[in-house]
Every structure is written in C-alpha cells, then in structure tokens.
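Excluded from the calculations below are hydrogen atoms, water molecules and symmetry mates; all remaining heavy atoms, backbone and side chain alike, are included. Numbered from 1 within each chain, the chains take letters A, B, ... in sequence-line order.
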Amino acid sequence: MYGKSDPKWPAIVQQWKATQQALAAKLRIVPLRPLPRFVAGADAAFSENRRSVLAAAVVYDRLERRIVEIARACRPIEFPYVPTFLSFREGPAVLEAVGKLRHPWGAICFDGQGYAHPRRCGLATHLSILLDRPGVGIAKSRLIGTFVDPPPQAGSRCPLMDGDEQIGLVLRTKDGTRPLFVSIGHRVDLESAAELALACVGRFRIPEPTRQADLEVSRLKRALAGSVTSPMMPPGRLSQ
DNA sequence: GCGACAG
DNA sequence: ATCTTGTCGC
C-alpha cells in the first residue's frame, strides 16, 4: 500500500486533487421527483487483518420497507486514510459492490460527504458522478463547514455553510439524537436529498439504505474472519 | 506554526 | 474505520 512517506506521494495527492476538480465540473444539480421507491445504499469496512476494504451495497424498497437485494465486494487496501480523499481508499470496493446490484434503483445513499467537501467532491459526489446516477451524501459527522445546532425535533434542519455558500444540511432525523450531515452527490438537489434521507428513515437515526449496508458489511467482515482459521488453532469454532 | 480532519 | 465494558435510558 502507498504511504505518505513514499517519494511519489506528493504527486499522487496532486493527481487526486486534479481528479476531484475535474469530476466536480461534471456535477449536475436537478430535483429528484418523485422520490424513487427503490433506493440503494453502500458502505465499507476493513477486513480483520486490515489488508482489504470490504464493501456492501443494498437496494431498499421504501414501499415495503425492506431490503430486496444485497451485493458485496472485497479489494486490497491501496491507500491510507487521508481526510478529503476518502473516495480513493474506499471507492473501488464500493463501486464494485454497487456494480453487482441487479435490481433497479433510482438513487443511492453513501456513507460520507458529497458536495460538502473542500473541492465539492466528497465520496458521494465522486462515486455518483462515475456512476452517473442520482446520489446523496449522508455523513455522521462534519468534514468542513459551519452550522448552528438544529432544534431537537426530528425533521429540523440548519444550513451547513462554507463561507457564504451553503454546501449541505445538518439534519435531525430522530428526536433528541445527533444530526446527520446531508449533501448532494450528483443529479439531485439539496431539498430532494433531505427528503430522500428522511423518507428512508425507519426506527433509527441512520436512513435504512446506509444502515443496512453498514450491517451487511459487518456481517461480511465476521464471515471472512471466521472462514480464515489460523493454522495454529484446532478445527471447529472455538473462537466464539 | 497550530488545529481540524467523512470513514 | 477501529480499539473496547459497563452503563444510562427507553
């Protein structure tokens, strides 16, 4: 895996910035209406040995409130985590999982920022543009931007600002819980993104597409960990 | 220079 | 993301 100490690192980061700027130039902002019935969701995690990126993509049926398809992917980790360049680390695995989805979906939710990024190209925007499909960024915490805490009621929101430009929304999805940071990915507008996020909320703070993808990637992680038994351990499931 | 910093 | 037990609250 590449590292910050690699002599090629500065060049790699410059290339990444150029890539993000080129992608952001292709961003299209349009309303997403009506909101799609089938919404995809994707998330990533690390394999137990931390040498691979595991990803899961799901398709959520808003009408029946259930997951109708699950896809997975596993790829070697090629880069360390560097703030503002998350998509280069997790993107490949996530894209592979999304590509395996066969059921139709009208929009996809990503676990991270979209437009609310220094170069307006967070993971959600980066991947949505590569897919050229409607996408939304739903992050659990802030990367950049200033805001005032929204009221404790579910549905309340406050603008996420970068100077005088609104880059996203701080949205409370459940009463008395920490708000989420919603921003557009691609082919949606901020209001549609907020409505989609709220329309996908079930019993928990995190909208179902992203929450289910997270649960699924965790299961994959455990499954892989259990299948790779250490040579120094007796057969069977003694480790739990 | 110092602090911040999605997952 | 991940490390980690109990514990506060619905």
Check your understanding: In whole angstroms, how far is the C1' atom of B:dG7 from the CG atom of A:L127?
Key -> 13 Å

Point to revise | Centroid separation A:F85 to A:F79 less than 6.0 Å | key: no

**Study point:** Electrostatic pair A:E191:A:R33 at N-O distance under 4.0 angstrom
**Key:** no

Study note, to complete from the structure: Outer limits of DNA chain C sitting under 4.0 Å from a non-hydrogen atom of chain A, read 5' to 3', are C:dA1 to C:dC3

**Study point:** Presence of A:S141 side-chain N/O under 4.0 Å of B:dG7 phosphate oxygens OP1/OP2
**Key:** yes

**Study point:** Euclidean distance, atom CD1 of residue A:I167 to atom P of B:dA6 [Å, nearest integer]
**Key:** 13 Å

Practice item. Grab the CG-P distance between A:D43 and B:dG7 for me, whole Å please. Key: 9 Å

Exercise for review: Quickly work out the A:D111 CG to B:dA6 P distance and round it to whole Å.
Suggested key: 12 Å

Exercise for review: Under 4.0 Å between any heavy atoms, over every strand shown, what does A:F88 touch: base, sugar-phosphate, or nothing? Just pick one.
Suggested key: nothing

**Study point:** Nucleotide of B:dA6, B:dG7, B:dC5 approaching A:R142 most closely (side-chain heavy atoms)
**Key:** B:dC5

Point to revise | Pair A:D149-A:R172, salt bridge (Lys or Arg N to Asp or Glu O under 4.0 Å): steps then yes or no | key: CA-CA 9 Å; A:D149 204 47; A:R172 191 91 62 182; 3.2 Å; yes

Point to revise | Side chain proximity check, A:F181 to A:V170, heavy atoms < 4.5 angstrom | key: yes

Exercise for review: State which residue, out of A:R72, A:R222, A:K221, fulfils the salt bridge (Lys or Arg N to Asp or Glu O under 4.0 Å) condition with A:E216.
Suggested key: A:R72

Exercise for review: Take A:D214 and A:K140 through the salt bridge (Lys or Arg N to Asp or Glu O under 4.0 Å) test and state the conclusion after the steps.
Suggested key: CA-CA 12 Å; A:D214 180 58; A:K140 297 182 290 297; over 6 Å; no

Revision key, fill the gap. Here the distance between atom P of B:dA6 and atom CD of A:E90, to the nearest Å, is 12 Å

Practice item. To the nearest Å, give me how far apart CG (A:L143) and P (B:dC5) are. Key: 9 Å

Revision key, fill the gap. Whole-Å distance, A:I206 CD1 to B:dA6 C1', equals 13 Å

Check your understanding: How long is the line joining OH of A:Y81 and P of B:dA4, in whole Å?
Key -> 15 Å

**Study point:** Transitive ILVMFWY side-chain link A:I129 to A:V136, under 4.5 Å
**Key:** yes

Review point. OP1, OP2 of B:dA6 versus side-chain N and O of A:K140: anything below 4.0 Å?
Key: no

